[in-house]
Asker: 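Here you go, one structure.
We count ligands from 1, going down the list as the structure has it; atoms in each ligand are counted the same way.
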Amino acid sequence: MAIPSLTQNSSSYIEGGDEQTLFNKEKEDGSDQILSVLPRERGWLSEHIHLYQGFWYSTGVLKGLLILQKHFWAKPSDILLATYPKSGTTWLKALLFTITNRTCISHPNQNPLLTANPHELVPMLESYAAANPVNPKPPNSLMHTHIPYTSLPESTKSSGCHIVYVYRDPKDVLVSCWHFVNMLKPEAVPRISLAEAFEKFSKGVSPYGPYWNHVLGYWKASIEWPERVFFIRYEDLKKEPCFHTKRLAEFLGMPFTTDKEGESLVSKVVEFCSFKNLSNLDVNKTGSHSGFGFPVIENKIFFREGRVGDSQNYLEREMMDHLDQVTEEKFKKFHLKTFSQEDDEKSEVPIAL
Ligand SMILES: Nc1ncnc2c1ncn2[C@@H]1O[C@H](COP(=O)(O)OS(=O)(=O)O)[C@@H](OP(=O)(O)O)[C@H]1O
């Protein structure tokens with residue numbers, strides 16, 4: 001299979017920030033030295049991805065992560081959404097923003113989500129840190145990261161802040177990632193074929209990968225500290241959005257009332273954050289924002305199909321079987337729900353060890 005060669009230009013992906021500041025910071029942190037000794041592979045979009053603490057990162061993300069590990073201090077009141085890319089980040093950003101600012105729903109014309117994409121309202125830590133190395137903590141208390149649990153800055157654990165993690169069927173994650181990188185790629189970068197994406201993803205050589213270790217890190221933390229780490233499956237949230245939105249609000253210490261008014265508010269929150277509603281807002285159809293190291297990124301790129309099982313329209317049977325088999329092997333021994341029919345019929349709330 002021919003592997004597309006990525007050009008120099010591609011290294012601009014997720015670099016983020018003023019280059020001079022980044023350069024100075026990099027020298028100060030010694031991240032240049034670290035980068036030079038780490039194993040590296042060709043990236044999906046960036047020129048390289050680097051293996052650090054067991055996970056793969058693009059150069060810009062890794063610089064952001066190194067800054068965070070040294071200089072990020074979480075507060076107990078912070079809420080950190082954590083995801084593997086393409087697992088439901090945009091959806092959960094909208095849901096968490098709405099749950100924590102629920103008066104927006106009663107004043108529909110003033111809802112910030114009507115004029116801003118969820119990614120603008122909930123900043124991504126590693127991009128923010130790369131762009132603001134001197135003060136890498138965003139002013140928001142609701143933040144997001146794709147960083148795996150074991151590499152999170154220590155204060156996200158010691159502060160007792162809330163962490164919310166969503167995971168999704170890796171087959172759908174892979175297909176969603178593949179579409180995303182091909183939509184985002186600069187002109188000069190050749191398309192990555194689905195076969196190549198599958199091969200890299202299966203080996204764990206994907207941005208923030210291996211996917212399975214990413215999920216298991218948060219799963220184990222949620223078992224050990226259930227009051228601190230909330231863990232949910234995209235597919236379960238799709239099936240019972242009101243039930244899980246209520247659980248999420250309770251976890252955050254902001255429960256909805258159990259009367260008719262409370263129930264109606266939950267339905268409105270869920271409806272507002274649905275794929276159908278968000279993807280049809282003008283801001284998400286035609287708007288754009290700066291982020292992910294790109295000067296401008298179109299908001300519509302975050303809304304494609306929003307369905308469970310769309311991967312069967314793209315992956316060959318053997319690819320699907322392989323990913324299912326790896327997932328069964330990796331997840332079953334930790335009693336984590338997989339994506340087989342049998343597991344889907346079980347209770348929606350993952351059963352603790
Ligand atoms: N509201 C809502 N409900 C359900 N699904 C949604 C929603 N918003 C976005 N999506 C779908 O989520 C996929 C994008 O994943 P992420 O948001 O995690 O992407 S990113 O990591 O932030 O780039 C991507 O999935 P695919 O359609 O399978 O590609 C989006 O369409």
Asker: State the atoms of ligand 1, each with its element, that fall below the 4.0 Å cut-off from a heavy-atom position in S274.
Answerer: 1 (N)
Asker: For atom 28 (O) of ligand 1, which candidate among R168, K276, R307 provides the closest heavy atom?
Answerer: R168
Asker: Could you see which bit of F302 sits under 4.0 Å from ligand 1, with heavy atoms only: side chain, backbone, both or neither?
Answerer: both
Asker: Going by atom types alone, do T83 and H146 pair a side-chain donor with an acceptor below 3.5 Å?
Answerer: yes
Asker: Heavy-atom contacts under 4.0 Å between C273 and ligand 1: side chain, backbone, both, or neither?
Answerer: backbone
Asker: Heavy atoms only: which of F275, Y208, Y234, W178 is nearest to atom 5 (N) of ligand 1?
Answerer: Y234
Asker: Classify the contact between H179 and ligand 1 as side chain, backbone, both or neither, using a heavy-atom distance cut-off of under 4.0 Å.
Answerer: neither
Asker: Do H119 and T90 have side-chain N/O donor and acceptor atoms under 3.5 Å apart?
Answerer: yes
Asker: Please classify the M183 to ligand 1 contact at 4.0 Å (heavy-atom distances, strictly less than): side chain, backbone, both or neither.
Answerer: neither
Asker: Mind checking whether D172 has an N or O less than 3.5 Å away from an N or O of ligand 1?
Answerer: no
Asker: Between N284 and S279, is there a side-chain donor-acceptor contact under 3.5 Å, judged purely by atom types and distance?
Answerer: no
Asker: In this structure, is the centre-to-centre distance between the rings of Y234 and Y167 below 6.0 Å?
Answerer: no
Asker: Would you say E298 has more than 12 foreign heavy atoms packed within less than 6.0 Å of its CD?
Answerer: no
Asker: Above 12 or not: heavy atoms from other molecules or residues under 6.0 Å from CD of E263?
Answerer: yes
Asker: Applying a 4.0 Å heavy-atom criterion (strictly less than), which segment of S176 is in contact with ligand 1: side chain, backbone, both, or neither?
Answerer: both
Asker: Looking only at distances, please establish whether an N/O atom of ligand 1 is found under 3.5 Å from an N/O atom of L278.
Answerer: no
Asker: Taking the side chain as every heavy atom from C-beta outward, state whether L278 and F272 have any atom pair closer than 4.5 Å.
Answerer: yes
Asker: Just distances here: any N/O of G88 and N/O of ligand 1 closer than 3.5 Å?
Answerer: yes
Asker: With heavy-atom distances below 4.0 Å as the criterion, list the atoms of ligand 1 near E305.
Answerer: 27 (O), 31 (O)
Asker: What atoms of ligand 1 come closer than 4.0 angstrom to any heavy atom of H146?
Answerer: 21 (O)
Asker: What are the atoms of ligand 1, with element, lying closer than 4.0 Å to any heavy atom of H119?
Answerer: 22 (O)
Asker: I'd like to know whether CZ of R40 has more than 12 heavy-atom contacts from other residues, nucleotides or ligands below 6.0 angstrom.
Answerer: no
Asker: Just jot down the ligand 1 atoms closer than 4.0 angstrom to any heavy atom of T90, in number order.
Answerer: 16 (P), 17 (O), 22 (O)
Asker: Hey, which atoms in ligand 1 end up nearer than 4.0 Å to a heavy atom of F303?
Answerer: 8 (N), 9 (C), 31 (O)
Asker: Is there a nitrogen or oxygen of S87 sitting under 3.5 Å from a nitrogen or oxygen of ligand 1?
Answerer: yes
Asker: Does the side chain of W56 come under 3.5 Å of the side chain of S206 through a donor N or O and an acceptor N or O?
Answerer: no
Asker: Is it the case that over 12 heavy atoms from other parts of the model lie below 6.0 angstrom from the NZ atom of K238?
Answerer: yes
Asker: Taking atom types as modelled and ignoring hydrogens, do the side chains of D310 and N313 form a donor-acceptor contact shorter than 3.5 angstrom?
Answerer: yes
